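Scroll down for the structure; my scribbles are underneath it.
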Amino acid sequence: MAVDGGLDEFSLLMAPGPVHALLVVDNDVLQRMGTVARHLCVGMIDEAVQLSILSRSTPCVAGEFIGPSRIVTPPRGWMPWPRRLSPDELRERLGGNRPQIVHCLSSELAHWARGYADAWNSALIVHLNDLRDIRMFGDLSGFPHITAITATSVIERALLKAFPQMQGRVHTVPPGIPSADEIACFAAPDQVPAVLMTTPLEHGAGIEIALKALHTIAQTGQELHVFVLSDGRAEPAFRRQLDRYRLRSMVTFTGMIHELEAMRAAMSASDLYLLPVAPERHDSHVLMAMATGLAVIAPNDTIEDYLIDGRTARLFEPRPGDLAEKWLSLLQDRDEARRLAQGALDYVKAYHKASFMVCAVAVLYRQAIGRMKAEKERVNV
């Protein structure tokens, strides 16, 4: 699978030699896309890319997610917020090396870090993972040396519709993730089916729809247990909803899991993964569920183009009645659920290899540097 997107006349100019790149993150991005960041950091070692990490957040959770990379966090000051490092101070903290690439894992981070790329005359790489990233892209399209990486073709089309001037500077790189050898779905057929959700415990995030659908399923006598791996301010309200529906014995709020291996272990012990509504912010949980071999149930209006009805997931109309019907059908037809889980796992293995993601991003790094050098030579002629 090739990197999507148009190529300008300099795209084939690949800068040789080692590349110095700065990956800009914060706690929000790492919570949502920690596995992607981790594999970028680990895999770049084989691509002759020296990748350092700049976290906007302090205290920072980067150390829990990221492999063998230098991590720089803002210094604490006497004010309640961290002090921003100047370009010279940050370069000193990076060992004196000038990053040729400033790679930001969200549009918001790109606005925050573009001053560093400007001061160092570096290429700015912006990762866009959802529609909010597109809404926040703003005047970044005017940065002289910018490349956008989109997680799906849906996001690429939306970006080009909003910012047609980005034509030729947008590339879709599917997020890479490690996959299991065998599917987890109903691997222990004698156990009560376990359904996993990572939806935030906030009003409007989808928990209400899931509990209404679960109430319908419970009335059929179907056994199952739902584990909600998240937290949020509305947890007391949802517990009261469980009591009204008499579902307390069927649902466990476990709290958010921050450690990647613990999340993978939780998914490996489950059978189905439920995404009750299309979230505003993209995270890697659906893809992790597919890579673990779970049967995924999701609404049909998400931006994840890897959720293909009947092949990698069971999609439903975003209303409780249709969700209950599709959910119950997979609980009652385990062969179909396992077929979907196998399809999801096979799809991840084919199109979402971590090694391909790393290679594709490294190519874009070198192309960005090559274009800058070619433009500089053209100006000096």
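Computed from a prediction, not measured in an experiment: that's the story for all the values here.
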His127: ring pair (Phe, Tyr, Trp, His ring centres under 6.0 Å) partners, not counting sequence neighbours: His103
Using a 3.5 Å cut-off and no angle test, enumerate the donor-acceptor pairs between side-chain atoms of residues 140-147 and protein atoms at least two apart in sequence or in another chain.
residue : atom : partner : partner atom : Å
Ser141  : OG   : Gln165  : NE2          : 3.0
Thr147  : OG1  : Arg371  : NH2          : 2.9

Asp309 side chain vs Leu315 backbone, donor-acceptor pair below 3.5 Å: yes
Whether Glu317 side chain and Asp322 backbone form a donor-acceptor pair below 3.5 Å: no
Glu259 side chain to Ala262 backbone, donor-acceptor under 3.5 Å: yes
In one Ile/Leu/Val/Met/Phe/Trp/Tyr side-chain cluster, 4.5 Å: Tyr365, Val358: yes
His285 NE2 to Ser230 OG distance, which is reported to the nearest 0.5 Å: 9.5 Å
Considering all heavy atoms, the nearest Pro200-Ile207 contact: O-CG1, 3.6 Å
Flag for Ser284-Thr35: side-chain donor and acceptor within less than 3.5 Å: no
Flag side-chain contact, heavy atom, 4.5 Å: Leu128 against Leu159: yes
Check against salt bridge (Lys or Arg N to Asp or Glu O under 4.0 Å), Asp28 and Arg32: CA-CA 6 Å; Asp28 172 66; Arg32 294 187 292 110; 3.2 Å; yes
Ile45 CD1 to Leu40 CG distance, which is reported to the nearest 0.5 Å: 12.0 Å
Gln31 and Asn27: side chain donor to acceptor below 3.5 Å: no
Lys353 atom NZ, neighbour heavy-atom count above 12 within 6.0 Å: no
Side-chain donor-acceptor pair present, Gln100, Ser122, cut-off under 3.5 Å: no
Closest approach of Val126 to Ala110 (non-hydrogen atoms, all atoms of both residues): CG2-CB, 3.7 Å
Approximate separation, where rounding is to 0.5 Å, of Ile308 CD1 and Arg311 CZ: 4.5 Å
His111 side-chain N/O to Asp139 backbone N/O, donor-acceptor pair under 3.5 Å: no
Side chain to side chain, Ile303 and Asp130, heavy atoms closer than 4.5 Å: yes
Trace of the salt bridge (Lys or Arg N to Asp or Glu O under 4.0 Å) decision for Arg135 with Glu280: CA-CA 12 Å; Arg135 291 195 298 270; Glu280 181 187 19; 3.1 Å; yes
Over-ring placement of Arg314 relative to Trp327, 6.0 Å and 45° cut-offs: no
Distance-minimising heavy-atom pair for Ala218 and Met250: CB-SD, 3.8 Å
Test item: side-chain donor near acceptor, Thr302 and Glu304, under 3.5 Å: yes
Heavy-atom closest contact (Pro178 atom, Arg264 atom, distance): CG-NH2, 3.5 Å
SB check Asp271 Arg334 (cutoff 4.0 Å): no
Arg84 side chain vs Trp112 backbone, donor-acceptor pair below 3.5 Å: yes
Geometric class of the Tyr116/Trp120 ring pair [parallel <30°, tilted 30-60°, perpendicular >60°]: parallel
Flag side-chain contact, heavy atom, 4.5 Å: Leu272 against Pro193: no
Side-chain heavy atoms of Leu90 within contact of Ser86, under 4.5 Å: no
Exam field: side chain Asp305 to backbone Ser153, donor-acceptor pair closer than 3.5 Å: yes
Charged tip of Arg114 within 45° of Phe137 ring normal and under 6.0 Å: no
Neighbour count above 12 (heavy atom, 6.0 Å) for Glu223 CD: no
Residue pairs, two or more places apart or on separate chains, that pass salt bridge (Lys or Arg N to Asp or Glu O under 4.0 Å) and touch residues 86-99: Arg83-Glu89
Minimal non-hydrogen separation, Leu109 against Cys104, with atom names: O-SG, 3.8 Å
Short N-O contact, Asp243 and Arg239, less than 4.0 angstrom: no
Check: Val24 and Leu105 side chains under 4.5 Å, non-hydrogen atoms: no
Step-by-step ring pair (Phe, Tyr, Trp, His ring centres under 6.0 Å) determination, His203 to Phe238: CA-CA 9 Å; His203 292 299; Phe238 293 132; 5.5 Å; yes
Side-chain ion pair, Asp26 and Arg56, N-O less than 4.0 Å: yes
4.5 Å side-chain heavy-atom contact, Met357 and Val36: yes
Under 3.5 Å donor-acceptor, Asp133 side chain and Ser107 backbone: yes
Thr150-His171 side chain donor-acceptor pair, cut-off 3.5 Å: no
ILVMFWY network linking Tyr306 to Leu345, side-chain heavy atoms under 4.5 angstrom: no
CG on Leu229 to OG1 on Thr198, rounded to 0.5 Å: 7.5 Å
Whether Thr254 side chain and Val228 backbone form a donor-acceptor pair below 3.5 Å: yes
Interatomic spacing from CG in Leu224 to CG in Leu214 - rounded to 0.5 Å: 5.5 Å
Identified side-chain contact (heavy atoms from CB on, under 4.5 Å) partner of Pro99 from the options Val19, Leu51, Leu94, Leu54: Leu94
Whether Tyr245 and His215 hold their rings parallel, tilted or perpendicular, with breakpoints at 30° and 60°: parallel
From OG (Ser270) to CE (Met197), nearest 0.5 Å: 11.5 Å
Side chain proximity check, Leu22 to Ile101, heavy atoms < 4.5 angstrom: no
Leu364 side chain reached by Gln367 side chain, heavy atoms, under 4.5 Å: yes
Glu208/Lys212 ion pair, N-O < 4.0 Å: no
